[in-house]
Every structure is written in C-alpha cells, then in structure tokens.
There are 2 protein chains.
Amino acid sequence: MRKGSSHPTLLEVARLAGVGVGTASRAVNGGTNVSASTMRKVKSAIQQLGYMPNHAARVLKGGRAKTVGLLVPSISDYFFASCAEAAGRIAKAHDSLLIVAVTMNLSGAEISSLDVLMRHRPDGLLIVPSDPDNKELARCVRNSAVPVVTFDRPLFGSGCSSVITDNFEAARNATLHLIEHGYKRILCFSSEPDLYTIRERLRGYCQAMEEAGLPSLIDTSLDDTTLVSRLLAGHLKGRRPPDAVFTLKNSSTSAVVQALHQLRVSIPSRLALLGFDDFELAATLHPSISVVQQPIEDLGRKAAELLFEQLESHHGIKGFRKMKREPVVLANRLVLRRSCGCKEELARKDL
Amino acid sequence: MRKGSSHPTLLEVARLAGVGVGTASRAVNGGTNVSASTMRKVKSAIQQLGYMPNHAARVLKGGRAKTVGLLVPSISDYFFASCAEAAGRIAKAHDSLLIVAVTMNLSGAEISSLDVLMRHRPDGLLIVPSDPDNKELARCVRNSAVPVVTFDRPLFGSGCSSVITDNFEAARNATLHLIEHGYKRILCFSSEPDLYTIRERLRGYCQAMEEAGLPSLIDTSLDDTTLVSRLLAGHLKGRRPPDAVFTLKNSSTSAVVQALHQLRVSIPSRLALLGFDDFELAATLHPSISVVQQPIEDLGRKAAELLFEQLESHHGIKGFRKMKREPVVLANRLVLRRSCGCKEELARKDL
DNA sequence: ACGCGAATTGGAAACGTTTCCAATCATGTT
DNA sequence: AACATGATTGGAAACGTTTCCAATTCGCGT
C-alpha cells in the first residue's frame with residue numbers, strides 16, 4: 001500500500017523485485033519462462049506491495065477482458081435472477097465477471113443498455129431479447145464483434161446461437177393433460193400476449209384444443225388481481241362457464257389463485273388450475289398448484305457454457321460465427337399436484 | 001463498422017473529420033472549447049464510423065470508470081435481487097453500470113469476490129457484509145481507495161457509511177404485537193442464527209419477551225421442511241406447547257407454513273404465526289400471513305444514492321472519508337393479516 | 001493596418017499492461 | 001575450448017484515451 005493508498009503498478013513490483021518489467025509480467029501470468037528464484041522474488045514483491053493487476057490496462061492491450069455481459073428484462077424477477085446467478089457461477093469458474101444490464105422488456109432501452117454494456121468491451125454477451133424479431137437489435141448483435149448467446153428467447157436474423165425451452169410443446173402437453181382429466185372448457189389466461197414465450201405457449205394451447213376438437217377460450221388481460229377477479233366472476237356466470245384455467249405465466253397464476261380465493265371458488269372441483277412456471281409456494285398453497293416447470297438454472301448455465309465454448313474456440317480466429325446455429329432446446333417438466341384434479345402429488349412427466 | 005468489424009478509434013474519427021485527435025476528444029466529452037462547425041464534423045464522423053469510446057483506455061488514463069461494484073450474498077434471493085435492481089437504476093441514472101459479485105454468505109468467498117470486483121477499478125462499492133465483525137474485510141474496505149457503502153448489515157471498523165433497517169425494534173414490536181394478542185408461549189424460529197440481521201431480530205424478540213415477563217423459546221434449526229415438521233410436532237406435543245410462532249426470515253416462514261399444513265395445524269386458532277420479511281403470496285395463503293415488511297427497494301436505492309453523493313463530493317479530494325458515518329436507519333412496517341389472529345386485513349403499523 | 005486577448009486547435013506525453021525481439025546466461029556437445 | 005542450443009531476461013513499442021501546452025486563428029478596438 002505505497003504512495004497514498006493508490007494502486008501499485010507492475011513497474012514498482014519489478015523494481016522492488018529487482019527484475020525487468022517484462023519478467024514481472026510473465027511471472028504474474030502463468031509464469032512461462034521464469035526461473036523459480038525469480039518467481040519467488042516477484043511473488044514476494046507482489047505480497048509486499050499488495051499489487052493487483054490493472055484490468056483496464058490489460059483490456060486496452062488487447063487481452064481478454066475476462067468479462068461477459070448479460071442483458072435481461074429484469075433482475076428482481078425470480079426467473080431471470082436464477083438464470084443470472086447460474087450464468088454468474090459459470091463465468092466465475094472461467095475466472096470472469098458477469099456484468100448485468102436491465103432492460104425492463106422495453107425494446108428501446110435494449111439498444112441503449114447494450115451500448116452501456118459494450119463500453120466495457122466484454123468478451124461475449126448473453127441476451128434475453130424482448131422481441132425475437134427486433135431487426136435493430138439483431139443488427140447490433142451481428143456487428144458487435146463478439147460471440148453472443150441468446151436464451152429463453154431466440155433472436156431471429158442475429159446469427160447467434162440460443163438456448164430455449166420448448167414452450168409450445170410444454171403448453172400443448174399441459175393442455176392435453178387437462179383434457180385427459182375430462183375438462184372441456186379450458187380457459188387460457190395470461191397477460192403480455194406479445195411476448196415470444198407467451199405466444200408460443202398460446203400456440204401450444206390452441207394446438208392441443210384443436211387436436212381435441214375443443215374451442216379455444218383465451219383471455220389476455222392484465223394480472224391485476226381485482227380485475228382478474230371480476231373477469232373470472234364474469235366467465236363463471238356465463239351460460240357455458242369454464243371448468244379449468246391454464247395460466248401462461250407466473251404472475252397470472254398468482255393473480256388467478258388470489259382471485260379464486262376472493263371469489264371462494266373451490267379448486268379443482270369447481271375450476272381446475274394449471275400454470276406455466278413453478279413458484280416457491282406452489283406446493284404449499286391449498287390446494288397445491290400443478291405447473292409446468294422450466295429448468296430455469298439450466299437455461300442460464302447452458303447459455304453461459306455455450307458462450308465460453310465459443311470464446312475458447314474463437315481465440316483470435318474470426319471464425320466463431322460458424323458454430324452450432326440451431327437453438328439448444330431444453331425439456332420442460334409437468335409437475336402434477338392437486339389443482340388440476342390429480343390425486344397423486346408426486347407424479348411428474350418429462351416433456 | 002470499418003476495418004473488419006473491429007472498433008474504430010478516436011484517431012480514425014479525428015482523421016475522417018479532418019481534425020486533431022485532441023479536438024476530437026474534446027468534441028466527444030461535453031465539447032468545451034470546440035467550435036460549432038468542428039463539433040458537427042466530428043459528430044458526423046462518429047456516426048459514420050459507429051465510434052464507441054473505449055472504456056478501458058478511459059479508465060486507464062485515470063478518468064471515472066462509470067462503474068460501481070455490488071457485493072451481495074446472493075442474487076437469486078428476492079431480497080437482494082430487488083436491492084440490486086434498485087441500486088442499478090440509480091447507477092444508470094448516473095450513467096454508470098452496476099457490476100455484481102456474489103458471495104453466498106461465505107466470508108471466504110467475500111474477499112476473493114471483492115478482488116475480482118476491484119480488478120475493474122470501480123468508482124465505488126456497495127457491500128452486504130456476511131459478517132459485520134469481519135476484520136479482514138473491514139481492512140480491505142479501508143484501504144480500497146474508493147468510497148464504500150454497506151447496506152442491510154453494517155461493517156464495523158470499516159469507517160464506511162451504511163443503510164440498514166431497525167431489525168431489533170421491528171422484531172421487538174412484532175413480538176409485542178403477538179403478546180398483545182394474548183399469546184404467552186411464543187416460539188421464535190429461524191435458521192442461520194449467526195447472521196447479523198437474524199441476531200438483531202432475535203435480540204428484539206428476547207427483549208420483548210423479557211419486558212412482558214415471558215420466557216423466551218428459541219429454535220434455530222434448518223429450514224428443511226420435513227425437519228421443521230418433526231420439530232413443530234414435538235413442540236406441540238410437549239406439556240406446555242407454544243401458542244404462537246415468530247419466524248425470523250423468509251425461508252423459515254415458508255418452511256413453517258408448509259410444516260403446519262402437513263401437520264394439519266390450523267392457523268391462528270391452534271398456533272398463530274408472524275414472520276419477518278414479506279413474500280409474494282403472504283396475502284394469498286390461507287390464512288394470509290402477517291409479516292414485518294422491510295423497505296427492500298429503499299435499502300438498495302438509498303445505499304446507491306449515498307454512494308454517488310460521496311462520489312460527487314469526492315471528486316479528486318481525498319476527504320471523502322469524513323462523510324456522515326452514523327448508519328442510515330430505515331423504518332420497517334408491521335403488516336397485519338390473519339395468521340397472527342388479527343381480524344382486519346388492512347391494519348398496518350409503521351415501526 | 002496593427003495589436004492583443006480570447007477562443008480554438010494540434011500533438012506529445014502519460015496511464016499500466018502485454019508482447020515481441022534481441023541480448024544474456026547456463027548447459028551440453030563436438 | 002569453442003560452439004550450438006535452449007532457457008531466461010530486459011526493455012521498447014503499442015493499445016486508445018485524456019490532458020496539458022504551445023501554436024494558431026479569430027474578433028475587434030484603436
């Protein structure tokens with residue numbers, strides 16, 4: 001801690017160790033072509049001075065920044081937070097730091113946040129695109145000069161690989177499960193129908209209903225509990241009320257559960273319920289809620305692993321573009337609890 | 001995007017604009033002492049080349065890194081995730097990026113994560129210390145040469161300011177509330193009794209019980225549901241069973257709720273429940289759970305604001321140490337729902 | 001036309017690394 | 001003993017900024 005608590009430089013280390021700056025540098029990194037005694041001297045000097053390599057200088061010189069950027073809609077959301085944590089673990093294992101920028105699902109904020117991220121010249125990028133068809137973002141990604149992996153949602157025309165779950169198939173199977181239970185009027189409920197994942201789930205639901213020759217009943221309102229409460233009351237008072245609800249996202253499931261509580265509608269006898277995305281208390285609620293469970297952490301983990309794979313193979317070669325381009329698709333799981341009418345709490349179906 | 005999609009430099013911009021590199025630099029930053037026409041030429045060149053300042057070079061030269069580091073135990077935890085998001089918003093408002101490192105509450109990982117963070121030479125640091133008495137960490141913070149703000153927990157001997165909630169007082173008031181309800185055998189349940197916040201809450205509970213002349217009943221087991229279930233069964237079968245439970249953290253509350261469900265113990269008639277920390281479905285569960293609600297986002301926001309305040313006032317002066325040193329204490333709130341025996345769902349008490 | 005501040009401009013130096021090249025050293029071979 | 005070989009070593013150059021200083025230009029009053 002010399003010189004007014006400012007950071008000591010490699011030059012100072014070298015001087016103290018009585019060696020050249022080049023030698024000191026080699027000693028710091030790996031130690032190729034450094035004699036044991038020199039190594040010792042340098043190490044001791046580093047200890048003494050509390051030397052810490054200046055990241056900025058390293059990056060400037062053209063080395064790995066040991067940094068990967070993550071662009072997500074939100075970080076307080078459990079889903080993305082878990083992905084981020086998993087990705088962060090992988091990054092750490094590669095001695096890198098994950099830096100996070102939040103977009104709030106606003107396509108506008110996306111580009112500007114990406115800019116802030118790029119200022120730090122990360123080695124690679126992990127992105128959850130708000131809109132898979134965002135041409136502007138795709139363009140940014142294409143000439144970003146670093147490998148990019150998308151997860152949870154693809155980014156068409158970006159040419160980067162992605163890790164997603166099969167939302168369509170999972171929703172289809174979940175709906176099919178409700179149909180097997182004998183429900184015929186299955187209401188599909190969700191907010192934010194414009195989101196890619198929601199659209200896919202909606203497709204899956206429609207496909208299943210069509211296969212079974214049943215009419216689709218769709219309501220894409222907000223997740224506001226009192227609103228949902230009023231809507232459901234309306235649906236239930238109709239001449240042909242629904243006998244089951246399939247919610248397409250976490251917050252919708254919560255909202256419906258709360259609404260049904262308020263309305264004193266019993267689950268599943270009066271109305272069955274199955275939701276997309278698991279949540280902490282799904283098993284604790286009364287009755288427990290059946291859900292499609294996504295391999296949340298695997299999403300973040302896989303995406304990060306894929307990115308580092310590209311990073312390794314990149315290594316100076318500009319050819320990192322020609323990696324596996326088809327998206328990696330992870331399997332979802334149908335966790336059957338009570339709210340759909342199942343008796344056995346433990347039945348699970350891999351999808 | 002000239003030259004093989006690599007990043008164009010300020011020099012190239014200057015050349016294209018037909019000006020000197022120094023002038024280009026001034027044009028990029030604020031534009032002091034740059035004529036309108038020059039400004040225009042440079043701006044146009046920047047557009048044309050898609051120039052983006054090289055952060056590393058800036059930092060190296062000694063400028064603001066426009067980066068603040070955040071060191072938290074976890075980021076998938078709702079509490080810290082929300083703090084992080086709030087802090088990130090403040091950072092963004094100051095045109096800075098928040099970089100996050102995760103410690104898992106391991107004091108060991110803390111120092112090393114801090115190192116990784118410091119490599120990026122952030123302008124300041126936001127820390128949630130695992131252990132307020134960690135001398136080693138305090139030392140690191142003291143000679144880190146940047147302003148540091150702690151939140152959720154203090155860091156004694158570090159000389160940095162902190163933002164916390166009054167865990168002691170909130171727990172005391174919550175316990176007092178249970179006592180007012182007439183409960184006499186109040187079991188205090190929580191895992192991780194070594195954590196500062198939990199200790200404070202424990203103190204608050206003990207203080208309240210002592211004030212009322214009641215005996216403290218404390219169980220600091222793990223949050224494993226089946227274990228909790230067995231423990232509670234034991235307590236309830238005892239000769240003087242508890243009539244209320246006060247849980248000191250989120251996961252403990254969940255575990256107890258689940259356990260009581262399994263045991264078919266009715267809340268609050270057989271056993272009342274009040275938990276520290278709100279959670280999403282607390283109002284939805286049956287019965288709704290009364291909780292102490294912390295101003296989560298305010299914690300992160302305030303901490304970040306305080307940090308930037310110090311950053312502004314710092315500005316080259318080494319005197320940033322002499323800021324307000326007493327911790328900022330935010331008020332908690334008692335949200336009374338049904339599980340404690342209250343009839344009115346809406347009653348709230350500011351603490 | 002001249003001079004004189006003020007405004008603007010160009011360019012060199014410096015920030016702390018890494019990397020390359022040439023130089024030195026130790027070692028073993030003929 | 002001379003020499004080749006390879007392992008170490010020191011130091012210069014370069015990375016892209018910012019900042020300072022000297023130089024140039026401009027506006028304008030005399």
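Below, each value reflects all heavy atoms present in this structure, side chains not excepted, and no hydrogens, waters or symmetry copies. In what follows, chains are A, B, ... by sequence order, proteins preceding strands, each numbered from 1.
- A/Ser74 places a side-chain N or O within 3.5 Å of a backbone atom of A/Asp77 that can act as its donor or acceptor partner.
- In this model, the phosphate group of D/dT18 is approached by a side-chain N or O of B/Asn29 to a distance below 4.0 Å at OP1 or OP2.
- Within 4.0 Å of B/Val19, counting heavy atoms only, lie sugar-phosphate atoms of the nucleic acid but no base atom.
- Distances from the side chain of B/Ser35 to the nucleotides D/dT9, C/dT9, D/dG16 place C/dT9 closest.
- Within 3.5 Å, a donor on the side chain of B/Lys61 pairs with an acceptor on the base of D/dT18, or the reverse.
- With hydrogens and angles disregarded, a donor-acceptor distance shorter than 3.5 Å links the side chain of B/Arg142 to the backbone of B/Gly157.
- At distances below 3.5 Å, not a single donor-acceptor pair connects side-chain atoms of B/Arg58 with backbone N or O atoms of B/Gly63.
- A/Asn54 comes within contact range of the sugar-phosphate backbone alone, with a heavy-atom separation under 4.0 Å but no base atom that close.
- Classified by interplanar angle (parallel below 30°, tilted 30° to 60°, perpendicular above 60°), the ring pair B/Phe156/B/Tyr196 is perpendicular.
- As judged by a 4.0 angstrom heavy-atom cut-off over every strand, B/Ser25 is placed among the base-contacting residues.
- Remark: side-chain polar atoms of A/Ser158 are paired, donor with acceptor, to backbone N or O of A/Leu155 under 3.5 angstrom.
- In summary, the side chains of A/Glu297 and B/Ser76 do not present any donor paired with an acceptor at a separation below 3.5 Å, with no hydrogens or angles considered.
- Look at CG on B/Leu10: it is 12 Å from P on D/dT19, rounded to the nearest Å.
- Taking atom CG of A/Leu11 as the reference point, atom P of C/dC15 lies 10 Å away to the nearest angstrom.
- Rounding to the nearest 0.5 Å gives a distance of 11.0 Å between CG of B/Leu98 and CD1 of B/Ile90.
- When the P atom of C/dT17 is taken as reference, atom NE2 of A/His7 falls 11 Å away, rounded to whole Å.
- B/Val59 comes within 4.0 angstrom of nothing in the nucleic acid, heavy atoms only.
- At the phosphate of D/dT9, OP1 or OP2 sits under 4.0 Å from a side-chain N or O atom of A/Thr38.
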(request) Treat primed atoms plus P, OP1 and OP2 as sugar-phosphate and everything else as base, then score nucleotides 20-28 of chain C 5' to 3': B for base contact with protein heavy atoms under 4.0 Å, S for sugar-phosphate contact only, - for none. (result) B--------

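- For B/Glu12 and D/dT17, the CD to C1' distance is 14 Å, given to the nearest whole Å.
- Checking side-chain atoms of B/Glu110 against main-chain N and O of B/Ser130 turns up a donor-acceptor pair under 3.5 Å.
- Toward the 5' end of DNA chain C, the nearer of the two residues A/Leu60 and B/Thr32, judged by each one's closest nucleotide, is B/Thr32.
- Under the 3.5 Å distance criterion, the side-chain polar atoms of A/Asp123 are matched with a main-chain donor or acceptor of A/Lys66.
- Annotation: the terminal axes of the helix from C/dA1-D/dT30 to C/dT30-D/dA1 meet at 60°, where each axis is the rotation carrying the C1' atoms of four end pairs onto the next four (5 pairs per end, rounded to 10°).
- The interatomic distance linking A/His120 (NE2) with D/dG16 (C1') rounds to 16 Å, in whole Å.
- Side chain of B/Thr23, nearest nucleotide from D/dT17, D/dT8, C/dG10: C/dG10.
- Taking atom CZ of residue B/Arg64 and atom C1' of nucleotide D/dT19, one finds them 17 Å apart after rounding to whole Å.
- As rounded to whole Å, 13 Å separates atom P of C/dT8 from atom NZ of B/Lys41.
- Atom P of nucleotide C/dT18 and atom NE2 of A/His55 are separated by 12 Å, given to the nearest angstrom.
- With B/Ser113 contributing its side chain and B/Ala109 its backbone, the two residues share a donor-acceptor pair below 3.5 Å.
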